[in-house]
Amino acid sequence: MHRNLFRAVRRSFAHFCDAQIVRKRAWKNDVRRTQPSHSFSGSNDFNIYHLGDNVGTGFVQLQVVNALRKGDRQLASKMLLDIGEVNDKLNAKDFACILEYCARTPDPLFAMETWKIMKDKVININKRSCIFILQAFSKGGYIKEAFNWLNFLAENDRMHYAPMFNIFLSGCWSSKSFNHVDRCLELMGNQLIGKSEITHWELLKLAVLQRNLSAVHEIWKEYTRYYSPSVIMLRKFIWCYTKLGDLDSGNAALKHLLVLARQGSASLSISGTGNYQSSALDIPIPTKEKSYEKRFSLDNFSSLTFEGNPEKNEGPVEVSMDESSMGHHSVMKNLELKKSFETPSKFNIIDELLLTINGNTSFNESGKGRCIPAAHTFFDGAVRIDSSNFQVKQEDFSELSGGKMKQGWEMTSRPLKNLLRWSFNDMIHASAQSNNYQMAEQLFLQMLDIGLNPSKHTYDGFVKAAIEGKGVDYGMKVVKMMQARNIKPYDNTFAVLSVGCSRTLELDMAESFSDKISDKLPKNIHTFNTLLAACGFMDEPERAVRVLAKIKRLKIKLNIRTYELMFALFGTVNVPYERGNILSHMDVTKRIGAIEMDMMKNGIHHSYASMKNLIRALGAEGMIQDMLRYLDIAENLLWQTDAHQTNDLYNIVLHALVNAKERHKAIEVFRSMRSCGLPANVATYNIMIECCSMFICFKSACAIISLMLREGFYPQTLTYTALIKVLLANEDFEGALNLLDQSHYEAVQLDIQLFNTILREAYIKRRIDVVELVVESMHREKIQPDPSTLWYTFSAYVESDFHSTAMEALQVLSMRMISEDNEILQGKKAVFEELILNEDPDVELEIIRTFKGSQEFLATALMNLRWCAIMGSSISWSPEESQWAKRLASKVST
């Protein structure tokens, strides 16, 4: 027992001696900074443990800290009280270890408890203890107490200097508390304390958090009054501008950063804690110029954004790139970037790019450039700047040909290269967000030309820009190039490619890229949701099951959007291929129950969209009672929903009831809508007019039209389609044709469904005269037929034993399906005729494969024409010369 205690005290004493040696060595080597504003880490660079000069109190401090780490606050408080019994001659150093732990954790309550004991012991508090207490309050979110502490120090003439205010401002930023910022700045002014670079950085972070671009401009104006911008601050301003979408200002700051780096006027080093710092002293020097805005010229260039914290090193992925393995110039030829490398005559592309930044550069015959000063407005009028006060000297660039330029940038320090790379990354990501691929490409090439090897983060931004600017295929080329260089893309890069493929409905590629995502970040659920939506659009529930299994395997938490898509995907079994039955209804009930159970387990409640998809699925499956039950649940859960959204739910229910021939229930639901005061829209009235077709009551349909007109709605195409259905249900073809003529005179935009509605009934009733009138009316309205039009027309002739006429009509309508314009048909004749007359047995598969997707109607037309050719018909590419077409035209004219 005594031996263990002795060992613990000996370790404590050794720790104390080591701390003393390190502290003396730091003072000797002048590493300890009096003002940490040059550090890239911000205002949190307080990282020194001091156990005091008393070995006994140092040991007890360690015990208190250990108790706090274990969560035993009662024991920690008891041992804190015991510190006073170790030695009566206590000072602030005997509590420094505890206070620093409270500052780092943070633990503001125990920091206050420690301060009270120090106050009771009448211990003089030193600067370090003041900082630790302030850090504990600020980082712990006790902003009011932190400000009161600052006031207390000011009133008692305690140590009061800029880093303490920086700590407080940092706490305001982390806790998103803006109320005390102005009071803090006012207190700084009263204490005659100037703003350091760190102060400006903390204010910049607060401005970005508030999305206040004008405040960033004002900070720049004030900062340049006292400082020549350092590379670290320029990097931070670039981050701010790109976060707020001011790409022109960000590019201007990047230009200055490049100029400082190229001129060798920037010096960076890495501290022992891994933070980037400048060797220059942080001493504000007011300018003697009356118009201090003229000290710098920030020319307008282009745009940017950054994902990450500019305070910190981007991690190993940014620094550990193998610079010797990046032969980008040869690889980029595969990316069609060769044109971007073609530059005028004898000067290098980097000269052109950097000089282009100035915007006003002309070149003489020898390729030498000369800068032309010009005044311009910077930052939307916030600052007026004359570029004559900050010119890029031509001698800095005019002789940078090939090897000399490369050699100059290779001499740049590694920390500065990292800083430049992160700034370029900001710009490239911002270009991607602003859909500016040209800017992203130019920045990417400029990185290569100055010897900066792109990191994974760089490629991630460039892929995003490439997808937006040149499509998914081009983005995949970039990824293949990365993989050829043994650079593994980010999961985020694969996610972006998957989303792009999902939007173009290339589901195989989208699923392949989603399979390469290996992390479980919550943001990745967006990628899988987009793929699920594409599965729903393409009606591929089996693929959706694989996607959900992948989500479960990665343990990514589902959101409400995922459940909305699941109801749409798995809410039906037989539909749309056949009607629902008892077995499919049981299956649907189990699926919906499982989905809702999972929602409850994850604490997610129904949204309007989830209820909408669920009710639509139940209606499509024919589960009428369940659909009406969920409509009542939706009204109770979503009682705050907009009235128009509630109307959409009722329209879905009404449409399902009409399709299920539940006319009486449809009328009851419509009456319920009217009694509740829910506003009806055109879709509601169209559905109810169609319901009248089941009663074969045109008078009721006219009454609904009257109600519709009184409420300010005018008949549309679907309204006329519904009215025609009512007339056709009573076999009133003459009335239907008259209504078709009326819609034409009232300039209603007719569609193919309106004509097909009449064709279908005419085919069923074998009214060839009506079929011919409708087909010719379509031709005169320049409405192209679809496969249904061809089927109704062809079948009407076949069932009346007019086989040759049926073949002729099929050929003419197939030609019109390709195009109504004879010139277009003649232009496509050579290509399509080869497919139609080709004797290869696989040509039909080739036609289907070539014209799949949005061109399936074209594939249908070609297959019909090929069938006509096989049956011995001669293919004419002038359908108007057909005898059948001429007969229909003359018939309608008379």
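Computed from a predicted model, the values in this text were never measured in an experiment.
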**OP:** Using a strict 4.0 Å threshold on nitrogen-to-oxygen distance, state whether Asp587 and Lys590 make a salt bridge.
**Re:** no
**OP:** May I ask you to test the Pro715-Leu709 pair for a side-chain heavy-atom distance under 4.5 Å?
**Re:** yes
Subject >> Min side-chain heavy-atom separation Pro489-Val463 under 4.5 Å >> reply: no
Subject >> Thr721 side chain vs Thr717 backbone, donor-acceptor pair below 3.5 Å >> reply: yes
**OP:** State yes or no: are the ring centers of His606 and Phe567 separated by less than 6.0 Å?
**Re:** yes
Original post:
Just how far is it from atom CG of Leu531 to atom CG of Leu565, taken to the nearest 0.5 Å?
Top reply: 10.0 Å
Original post:
So, do Val726 and Cys697 sit near enough that their side-chain heavy atoms are less than 4.5 Å apart?
Top reply: no
Original post:
Between Lys456 and Asp460, is a salt bridge (charged side-chain N to carboxylate O under 4.0 Å, His left out) present by the stated rule, with each step listed?
Top reply: CA-CA 6 Å; Lys456 292 182 182 181; Asp460 182 56; over 6 Å; no
**OP:** Check whether the side chains of Asn651 and Asn647 place a donor and an acceptor atom closer than 3.5 Å, and report yes or no.
**Re:** yes
Original post:
Looking at Arg591 and Glu621, does any basic side-chain N land under 4.0 Å from a carboxylate oxygen?
Top reply: no
Subject >> Side-chain heavy-atom pair Ile487, Gln483 within 4.5 angstrom cut-off >> reply: no
Subject >> Under 3.5 Å donor-acceptor, Thr504 side chain and Gly500 backbone >> reply: yes
Subject >> Phe494 and Phe513 aromatic ring geometry - parallel, tilted or perpendicular at 30°/60° bounds >> reply: parallel
Original post:
Within the side chain of Gln784, is there an N or O that forms a donor-acceptor pair under 3.5 Å with the backbone of Met817?
Top reply: yes
**OP:** Give a yes or no answer on whether the side chain of Asn574 reaches the backbone of Arg579 with a donor-acceptor pair at less than 3.5 Å.
**Re:** yes
Original post:
Angle class for the His664/Phe695 ring planes (parallel below 30°, perpendicular above 60°, tilted otherwise)?
Top reply: perpendicular
**OP:** Using distance alone, with no hydrogens and no angle criterion, decide if Glu596 and Tyr563 have a side-chain donor and acceptor under 3.5 Å apart.
**Re:** no
Original post:
Can you find a heavy atom in the side chain of Asp648 that is under 4.5 Å from one in the side chain of Asn681?
Top reply: yes
Original post:
Counting distance only, does the side-chain N/O of Asp491 pair as donor-acceptor with the main-chain N or O of Ser518 below 3.5 Å?
Top reply: yes
Subject >> Salt-bridge criterion met for Arg73 and Asp107 (N-O under 4.0 Å) >> reply: yes
**OP:** May I ask you to check whether Tyr474 and Tyr437 place their ring centres under 6.0 Å from each other?
**Re:** yes
**OP:** Would you tell me whether Ser675 and Ser672 have side-chain atoms, one donor and one acceptor, within less than 3.5 Å of each other?
**Re:** no
Subject >> Side-chain donor/acceptor of Thr589 to backbone N/O of His585, under 3.5 Å >> reply: yes
Subject >> Residues Asp598, Lys601; criterion salt bridge (charged side-chain N to carboxylate O under 4.0 Å, His left out); working and verdict >> reply: CA-CA 5 Å; Asp598 198 64; Lys601 185 171 66 176; 3.6 Å; yes
Subject >> Test item: Leu109 and Tyr142 side chains (from C-beta on) under 4.5 Å apart, heavy atoms >> reply: yes
Original post:
Given side chains that start at C-beta, do those of Glu564 and Asn529 come closer than 4.5 Å, heavy atoms only?
Top reply: no
**OP:** Check Leu678 against Ala643 and note the closest heavy-atom contact, atom names and distance.
**Re:** CD2-O, 4.4 Å
Original post:
If you take all heavy atoms of Ala656 and Gly619, which pair is closest and at what distance?
Top reply: CB-CA, 3.6 Å
Subject >> Under 3.5 Å side-chain donor-acceptor pair for Asp786 and Thr789 >> reply: yes
Subject >> Side-chain heavy atoms of Tyr650 within contact of Phe670, under 4.5 Å >> reply: no
Original post:
Do Ser610 and Asn613 get their side chains close enough for a donor-acceptor pair, meaning under 3.5 Å?
Top reply: no
